[in-house]
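Counting starts at 1 for both ligands and their atoms, following the listed order. Every value quoted in this text rests on a predicted model; they were computed, and no experiment measured them. Computed over heavy atoms, backbone and side chain alike; hydrogens, waters and symmetry mates excluded.
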Amino acid sequence: MDCPNREKNLQECNCTYPGCSRKGMCCLCIRHHREAGELPACLFPDEVEKTFDRSVEKFVETM
Ligand code: SF4
């Protein structure tokens, strides 16, 4: 499965987690993190994103 928007999505994706197959596939990324009670990388500033803490608690603390 691929997404016609993947290349454009990748240009705007700030996720630095290596090797994730969902990168650029925003619907899969959001679903994955939502099911884990988390938020995707793009909702965090770069400095926080690179900690890989995608928790709602970290989002609230950051924002
Ligand atoms: S935020 Fe999570 S699911 Fe999305 S690309 Fe990064 S590691 Fe993958």
J.: Quick one: do the S55 and D53 side chains pair a donor with an acceptor below 3.5 Å?
T.: yes
J.: Any donor and acceptor pair, going by atom type alone, linking the side chain of R6 with main-chain N or O of K23 inside 3.5 Å?
T.: yes
J.: Is the count of non-hydrogen atoms from other residues, nucleotides or ligands lying under 6.0 Å from F52 atom CZ greater than 12?
T.: yes
J.: Mind listing the closest non-hydrogen atom pair of C3 and M25 along with its distance?
T.: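 Nearest heavy atoms, C3 then M25: CB-SD, 3.5 Å.
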J.: Main chain of F44, side chain of N14: is a donor-acceptor contact present, judged purely on distance under 3.5 Å?
T.: yes
J.: Keeping waters out of it, list the protein N, O or S atoms under 2.8 Å from atom 4 (Fe) of ligand 1.
T.: C29 SG
J.: Restricting to pairs with a member in residues 54-63, which pass salt bridge (Lys or Arg N to Asp or Glu O under 4.0 Å), not counting sequence neighbours?
T.: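 Listed once each, the pairs are E49-R54, K58-E61.
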J.: Could you tell me if any non-hydrogen atom of R54 lies under 4.0 Å from any atom of ligand 1?
T.: yes
